[in-house]
There are 2 protein chains.
Amino acid sequence: MRINRKYPLKMGNRPVTAQRQLLLSILRETRGHLDAKELYRKAIQRDPHISLATVYRNLRLFKELGLVDERRLDEVHSLYELRRPTEHYHMVCTSCGRVTEFTSPLIAELSSEVERSREFEVERAVLHLEGCCRKCKRRPRGRE
Amino acid sequence: MRINRKYPLKMGNRPVTAQRQLLLSILRETRGHLDAKELYRKAIQRDPHISLATVYRNLRLFKELGLVDERRLDEVHSLYELRRPTEHYHMVCTSCGRVTEFTSPLIAELSSEVERSREFEVERAVLHLEGCCRKCKRRPRGRE
DNA sequence: TTAAGTGCAAAGGCTTTGCAGCATA
DNA sequence: TATGCTGCAAAGCCTTTGCACTTAA
């Protein structure tokens, strides 16, 4: 006879509950750039009973499992996004708020330089660039 | 009240009150790496009546005047430090919490590269490196 | 007198936690 | 049964704000 598992999937040794599936789906679909409250707002549309506590608890779990990265881009909000194979960083437009991504080999180079010259073993570079995006440079007025 | 004296100094068009002098002195003496509560704790030793609200209000003012930079180095705390002529960034040891500073021309180089290739006008690079400091590499045990 | 700064306490906003109920293995 | 997840509400923490009072100009 076959084992009837309600939770067919595992993350680490933890079950993937319906709530976790939902949250991961949303993160996948939006390709990140969501804070906890936005994630909650989107989640509640598909599961009206899900709670904000569940969102926070699972975001923390996802982080611990290395599935999700948290990025603090301003004073208040953290953005959460699924970890992807290629490391990337964000540019934040201080005029319209748009968040876009970039990568550069100079970041690894910087880490190496610091490791060499400062004897500091770099585990992670926390970085984003603030400035003015292409669209706002053309039309230098407020937010959208 | 305690201040029975004119305000001989001005910051912008704002008077430098006794509280503001005190806060700036502490920031100068500690060369930054203080969060708001630590600043408050140090301040209250010299002026037992100063309030946390005054600390926050003045930190915000100092930021607006460009005297002080705020750095978020972890999930919770912001560090405040007097702005100095040379731009610098921080290395944070994830083992002992020690904060040290570094600079590198690669950061300006990175900004230029992004400006060129992504048509994004960089106003500010928000950066710190997390990792393991020299001392903890030698003695890889917990916090101090 | 008027505009601005301060202290105190209360309120905000985001995040975590305690607890009871449920589901899974 | 034992473990762990969830929803709800309450609590925590950092920060801001309302208000009355004081100070400097």
Side-chain angles (χ1 to χ4, degrees), chain A residues 1-24 26 34-65 67-68 70-80, chain B residues 1-24 26 34-65 67-68 70-80:
Chain A
M1 86 178 258
R2 84 189 177 81
I3 301 167
N4 184 11
R5 288 173 185 272
K6 188 64 187 303
Y7 295 149
L9 301 173
K10 291 279 187 178
M11 317 178 314
N13 54 356
R14 321 287 287 273
V16 178
T17 63
Q19 289 89 338
R20 288 175 182 163
Q21 276 185 25
L22 173 56
L23 295 174
L24 290 169
I26 294 169
L34 282 177
D35 65 17
K37 211 148 115 193
E38 283 177 290
L39 179 55
Y40 172 63
R41 265 188 242 109
K42 283 182 185 287
I44 218 171
Q45 290 172 12
R46 298 199 222 163
D47 173 0
H49 293 292
I50 198 170
S51 77
L52 189 53
T54 295
V55 172
Y56 277 110
R57 274 192 287 240
N58 283 316
L59 281 174
R60 191 160 57 167
L61 173 66
F62 297 160
K63 276 197 293 177
E64 285 165 11
L65 293 175
L67 291 174
V68 158
E70 179 183 10
R71 316 270 197 152
R72 297 192 97 80
L73 295 189
D74 67 14
E75 321 280 291
V76 195
H77 297 92
S78 284
L79 303 190
Y80 297 87
Chain B
M1 259 206 133
R2 287 159 300 106
I3 306 161
N4 281 344
R5 167 173 79 74
K6 306 206 171 188
Y7 295 148
L9 301 173
K10 291 279 188 179
M11 318 180 312
N13 53 357
R14 320 288 287 273
V16 177
T17 63
Q19 290 88 339
R20 288 175 184 164
Q21 276 185 25
L22 174 57
L23 295 174
L24 289 169
I26 295 169
L34 282 177
D35 66 17
K37 210 148 116 194
E38 282 176 290
L39 179 56
Y40 173 64
R41 265 188 243 110
K42 283 181 184 286
I44 218 169
Q45 290 171 12
R46 297 200 224 163
D47 174 359
H49 292 292
I50 196 170
S51 77
L52 188 54
T54 296
V55 172
Y56 277 110
R57 274 192 286 241
N58 283 317
L59 281 174
R60 191 160 58 166
L61 173 65
F62 298 160
K63 275 197 293 176
E64 285 165 12
L65 293 174
L67 291 173
V68 158
E70 181 183 9
R71 316 269 197 152
R72 298 191 97 80
L73 295 190
D74 69 13
E75 320 280 291
V76 194
H77 298 92
S78 285
L79 304 190
Y80 296 88

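Chain letters run A, B, ... following the sequence lines, proteins first and then strands; every chain starts at 1. Excluded from the calculations below are hydrogen atoms, water molecules and symmetry mates; all remaining heavy atoms, backbone and side chain alike, are included.
From B/E64, atom CD reaches atom CG of B/L59 across 11.0 Å, with rounding to the nearest 0.5 Å. Between the CG atom in A/N58 and the CG atom in A/L24 there is a gap of 8.0 Å [rounded to 0.5 Å]. The CG atom of B/L79 sits 7.5 Å away from atom CD of B/E38, with the distance rounded to the nearest 0.5 Å. Between the CZ atom of A/R57 and the CZ atom of A/R60 there is a distance of 9.0 Å, given to the nearest 0.5 Å. Put simply, CG on B/D35 and CZ on B/R71 are 15.0 Å apart, with the number rounded to the nearest 0.5 Å.
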Would you tabulate the pairs of protein nitrogen or oxygen atoms and nucleotide nitrogen or oxygen atoms of nucleotides 16-19 of chain D closer than 3.5 angstrom?
from: D/dT17; atom 1: OP2; to: B/R60; atom 2: NH2; distance (Å): 3.4
from: D/dG18; atom 1: O6; to: B/R57; atom 2: NH1; distance (Å): 3.4

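Contact annotation: B/N58 reaches the phosphate of C/dT6 (side-chain N/O to OP1 or OP2, under 4.0 Å). Dashed line: the shortest gap from a side-chain N or O of B/T17 to OP1 or OP2 of C/dT6 is under 4.0 Å. Using a 4.0 Å cut-off, some side-chain N or O of B/R20 falls inside it from OP1 or OP2 of C/dG5. For the OP1/OP2 pair of C/dG7 and a distance below 4.0 Å, the side-chain nitrogens and oxygens of B/T54 include at least one atom meeting the criterion.
Atom CD of A/E70 is separated from atom P of C/dC14 by 14 Å (rounded to the nearest Å). Taking atom OH on A/Y40 and atom P on C/dG13, their separation rounds to 16 Å, with Å as the unit. Rounded to whole Å, the distance from NZ on B/K37 to P on D/dC14 is 4 Å. When the C1' atom of D/dC14 is taken as reference, atom CG of B/L34 falls 16 Å away, rounded to whole Å. Rounded to whole angstrom, the span from the CZ atom of A/R14 across to the C1' atom of C/dA25 amounts to 15 Å. B/F62 has its CZ atom 12 Å from the C1' atom of C/dG5, to the nearest Å. Atom CZ of B/R72 and atom P of D/dC14 are 12 Å apart (whole Å). Going from atom CG of A/L59 over to atom P of D/dT6 covers 12 Å, rounded to whole Å.
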Hey, can you pull the donor-acceptor pairs under 3.5 Å for the side chains in residues 39-46 of chain B, sequence neighbours left out?
from: B/R46; atom 1: NH2; to: B/E29; atom 2: OE1; distance (Å): 2.6
from: B/R46; atom 1: NH2; to: B/E29; atom 2: OE2; distance (Å): 3.4

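The residue from A/R14, A/Q19, A/Q21 that alone fulfils the side-chain contact (heavy atoms from CB on, under 4.5 Å) condition with A/T17 is A/Q19.
Nearest nucleotide to the A/S51 side chain, out of C/dG7, D/dC5, D/dG7: D/dG7.
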